[in-house]
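Below is one structure, written out as structure tokens, with a few remarks after it.
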Number of protein chains: 2
Amino acid sequence: MKIGELAERTGASRRLLRYYEEQKLISPGRSDNGYREYAEFHVGRVMQIKGLLDAGLPTRIIRQILPCLDQPRSIYFDDLTPEMVAILEREHDHLTQRIDCLTRNRDSIADYLATVRRMKTTGEAIDRAA
Amino acid sequence: MKIGELAERTGASRRLLRYYEEQKLISPGRSDNGYREYAEFHVGRVMQIKGLLDAGLPTRIIRQILPCLDQPRSIYFDDLTPEMVAILEREHDHLTQRIDCLTRNRDSIADYLATVRRMKTTGEAIDRAA
DNA sequence: TTTGACCTTCACATCAATGTGAGGGTCGGA
DNA sequence: TCCGACCCTCACATTGATGTGAAGGTCAAA
């Protein structure tokens, strides 16, 4: 599949797909004419990159952890240095922190919305006294 | 408390604290000499901002949802426009998506690390065949 | 009273993630 | 063969979150 189709299927711009490649997050092949050639699995891959990016991870980190997240592992265990394990552990903890922070804030929003809805139905009694 | 102390207690640079103010995320008072004067609750507030920012939310969104997350509500229910409710609902869903994405990826890392550890103990049998 | 450690504003620098456009090939169909 | 819709590279622009430094005011302690 060429870049246009991948762009359409993932919602990422062509420019962005080239940027991901420049950042070594994806490595499409090339056909004879120089066009990038993407495989089916690149669709999921791009979605994953977009998600991680949107969640605040920089490409630098994504590049490091991505090879470990593939289903048929693309990095093998004897290639794995202690440094790499340390990075993964650190990122694992970091992700957990982010998740906790987001969860707390999301729940606060939910609480707030729930309160608003309760107010709306039980009458407009506002506790300005708080 | 002055900006230096707040910076030290929150781990945010002075520059950043001024930036947050410029972005209307915090509103310290001023003493006679023009120095910013922060209250105790600003410590938590800054941590929350840092967390949200680190998790990928732009200041624009943080500014919108922050007033709703305070414990003594600083925004009251009759001030709340339908547009604001819509924004909160949208952000709530968006946060949920982010959380799911991060959770999936964190769990993948955990799986990977678990597999690595299993390999280390049960011998170096590598499934290159995958 | 001077020095050092604060604080102020202003402004330019940087990095990551993007957009946008120029200048130019490739290719399939009218 | 020519047009339109693709693709390429290169490169400059922008936005958001920061760093950094200049030029200067405040204040406490020596």
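We name chains A, B, ... by the order of the sequence lines, and we start the count at 1 in each one.
Distances shown here put every side-chain N or O of B:Arg60 at or beyond 4.0 Å from the OP1 or OP2 atom of D:dG16. Within the 4.0 Å cut-off from OP1 or OP2 of D:dA17, at least one side-chain nitrogen or oxygen of B:Tyr19 is found.
Counting heavy atoms from C-beta on, the side chains of A:Lys2 and A:Glu37 come closer than 4.5 Å.
Heavy atoms from other residues, nucleotides or ligands lying under 6.0 Å from CD of B:Glu89 number more than 12. The number of heavy atoms from other shown groups lying within 6.0 Å of CZ (A:Arg30) is above 12.
Both B:Lys50 and A:Gly34 sit near DNA chain D, but only A:Gly34 has its closest nucleotide nearer the 5' end. The 5' end of DNA chain C is approached more closely, in terms of each residue's nearest nucleotide, by B:Gly4 than by the other of B:Gly4 and A:Asp54.
Taking every side-chain heavy atom of A:Arg36 into account, D:dC8 is the closest of D:dT18, D:dC6, D:dC8.
Among the candidates B:Thr103, B:Asp54, B:Ile99, the single residue satisfying the side chain to side chain contact (heavy atoms under 4.5 Å, CB included) test with A:Leu102 is B:Ile99. A:Thr59 pairs in a side-chain hydrogen bond (donor to acceptor under 3.5 Å, both in side chains) with only one of the listed residues (A:Gln64, A:Gln23, A:Lys24, A:Glu22), which is A:Gln23.
Atom CD1 in B:Ile61 sits roughly 16 Å away from atom C1' in D:dA17 (whole-Å rounding). Per the geometry, OH belonging to A:Tyr38 stands 14 Å off C1' belonging to D:dC6, to the nearest Å. One atom, CG of B:Leu52, and another, P of D:dA17, lie 12 Å apart when rounded to the nearest Å. Between the P atom of D:dC8 and the CG atom of A:Leu17 lies a distance of 10 Å, rounded to the nearest Å. The separation between B:Leu25 atom CG and D:dG16 atom P is 13 Å, rounded to whole Å. Distance, B:Ile26 CD1 to D:dA17 P: 14 Å, rounded to whole Å.
Note that the two end axes of the helix from C:dT1-D:dA30 to C:dA30-D:dT1 enclose an angle of 10°, each drawn from 5 base pairs, rounded to 10 degrees.
The span of DNA chain C lying next to chain B, judged by atoms under 4.0 Å from heavy atoms, is bounded 5' to 3' by C:dC6 to C:dA11.
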Completion exercise
5' to 3', nucleotides 19-30 of chain D under a 4.0 Å protein heavy-atom cut-off (B base, S sugar-phosphate only, - none) gives BB----BBS---

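Judged by distance alone, with hydrogens and angles left aside, the side-chain atoms of A:Arg45 form a donor-acceptor pair with the main-chain N or O of A:Leu25 at under 3.5 Å. Checked by atom type and distance alone, the side chain of A:Thr81 pairs as donor or acceptor with a backbone atom of A:Met84 at under 3.5 Å. Checking side-chain atoms of A:Thr10 against main-chain N and O of A:Ala12 turns up a donor-acceptor pair under 3.5 Å.
Residue B:Arg98 comes nearest to B:Ala55 through the heavy atom pair NH1-O, 3.4 Å, listed as atom of the first residue, atom of the second, then distance. Residues A:Ala7 and A:Ser13 share a closest heavy-atom pair of CB-C, 4.3 Å.
Rounding to the nearest 0.5 Å places CD1 of B:Ile3 at 4.0 Å from CZ of B:Arg18.
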